[in-house]
Amino acid sequence: MSIDFESLKDKAVVFAQSGVTKAKELTDTGIAKARELADTGAAKAKELSEIGKLKVQNSTEQEAIRKAYSELGKLYYAERGSAPEAAYADLCQRITDALARISYNNERIADIKAAGHIGEEDTELDAEAEEPCCCQTEESCCCEAEEPVEPAAEDDKPQE
């Protein structure tokens with residue numbers, strides 16, 4: 001039996017060339033797919049980043065609204081707390097009662113300190129023992145309003 005090496009060589013060259021062509025096609029397709037996936041991933045990452053930024057902005061705006069509501073309530077209480085409209089009467093009364101309790105507690109703290117000869121340096125809660133201020137900022141304190149809010153009457157103080 002005789003083997004035709006020339007024919008085998010030609011077939012091997014054709015097979016190798018077709019393999020190289022297929023490999024090149026697969027490589028080109030793979031590179032295109034990889035680029036497409038990378039572009040899609042980058043677009044998604046951009047979208048997620050934008051969503052994150054918007055959520056942070058929303059959170060900042062919600063905090064600004066919360067602060068504005070708080071300032072609005074403080075301003076209303078400072079201006080109208082002694083004669084609130086009916087819808088606000090219960091809330092204003094709760095604030096007035098709480099301020100009266102704070103004032104009473106501060107008086108008791110002062111009495112206890114005086115009776116026990118306790119100095120300012122002996123207590124850790126002295127910062128909270130000062131007169132109550134319902135404001136959180138120093139910019140506009142409702143406690144400095146023209147008409148100070150009167151604490152509840154002596155009868156409204158908690159029983160010991």
Side-chain angles (χ1 to χ4, degrees), residues 1-106 109 119-149 151 158:
M1 163 178 241
S2 78
I3 299 177
D4 185 8
F5 287 109
E6 257 332 287
S7 172
L8 284 176
K9 180 179 155 190
D10 290 340
K11 286 181 181 179
V13 168
V14 169
F15 184 69
Q17 286 175 342
S18 108
V20 168
T21 303
K22 286 284 187 187
K24 186 177 179 191
E25 288 174 5
L26 287 173
T27 302
D28 290 344
T29 303
I31 289 172
K33 280 289 187 187
R35 282 188 182 137
E36 181 182 328
L37 288 173
D39 290 344
T40 301
K44 288 290 183 189
K46 242 180 170 179
E47 290 170 353
L48 291 173
S49 174
E50 183 68 17
I51 288 170
K53 287 177 185 176
L54 291 171
K55 285 186 175 186
V56 167
Q57 287 175 358
N58 284 349
S59 179
T60 301
E61 294 301 328
Q62 287 173 338
E63 180 63 17
I65 289 170
R66 187 197 64 73
K67 285 180 180 178
Y69 278 146
S70 179
E71 289 175 23
L72 180 64
K74 289 173 188 176
L75 181 62
Y76 181 87
Y77 183 78
E79 291 179 0
R80 308 264 311 157
S82 59
E85 296 172 23
Y88 306 102
D90 183 51
L91 292 172
C92 286
Q93 188 59 49
R94 282 197 270 169
I95 291 170
T96 300
D97 293 346
L99 287 172
R101 286 189 298 272
I102 290 170
S103 178
Y104 175 76
N105 290 344
N106 286 340
I109 290 169
E120 295 297 318
E121 64 279 354
D122 294 332
T123 62
E124 295 178 17
L125 302 175
D126 286 331
E128 296 175 22
E130 298 172 6
E131 284 300 311
C133 178
C134 58
C135 299
Q136 299 297 323
T137 64
E138 294 179 12
E139 296 169 2
S140 60
C141 181
C142 67
C143 296
E144 297 170 359
E146 293 175 15
E147 294 181 28
V149 177

*Measure the shortest side-chain to side-chain distance between Y77 and T96 over non-hydrogen atoms and say whether it is less than 4.5 angstrom.*
yes
_I'd like to know if the side chain of T60 reaches the main chain of V56, judged simply by a donor and an acceptor atom lying under 3.5 Å from each other, with no hydrogens or angles considered._
yes
*Taking the side chain as C-beta and beyond, is there a heavy-atom pair between Q57 and L54 under 4.5 Å?*
yes
_Rounded at 0.5 Å granularity, tell me how far CD in E47 sits from NZ in K44._
5.0 Å
*If only atom types and distance count, is the side chain of S49 paired as donor or acceptor with the main-chain N or O of A45 below 3.5 Å?*
no
_Given 3.5 Å as the limit, does a donor-acceptor pair link the side chain of T27 with the main chain of A23, or not?_
yes
*asked:* Under a 4.0 Å threshold between the charged nitrogen and the carboxylate oxygen, would E63 count as salt-bridged to R66?
replied: yes
*asked:* To the nearest 0.5 Å, what is the distance between OG on S7 and NZ on K9?
replied: 12.0 Å
*Counting only heavy atoms not in Y76, do more than 12 fall under 6.0 Å of its OH?*
yes
*asked:* Nearest 0.5 angstrom please: D4 CG to K11 NZ, how far?
replied: 8.5 Å
*Using a distance-only test with no angle check, is there a side-chain donor-acceptor pair under 3.5 angstrom linking D97 and Q93?*
yes
*asked:* To the closest 0.5 Å, what do you measure between NZ (K33) and CG (L26)?
replied: 13.0 Å
*Do D90 and R94 sit within salt-bridge range, that is, some charged N less than 4.0 Å from a carboxylate O?*
yes
*Could you tell me which non-hydrogen atom of P84 sits nearest to which non-hydrogen atom of C92, and how far apart they are?*
CB-SG, 3.7 Å
*Find the distance between CD1 (I102) and CD1 (I109) and round it off to the nearest 0.5 Å.*
10.5 Å
*Could you give the distance from OG1 (T29) to NZ (K24), rounded to the nearest 0.5 Å?*
11.5 Å
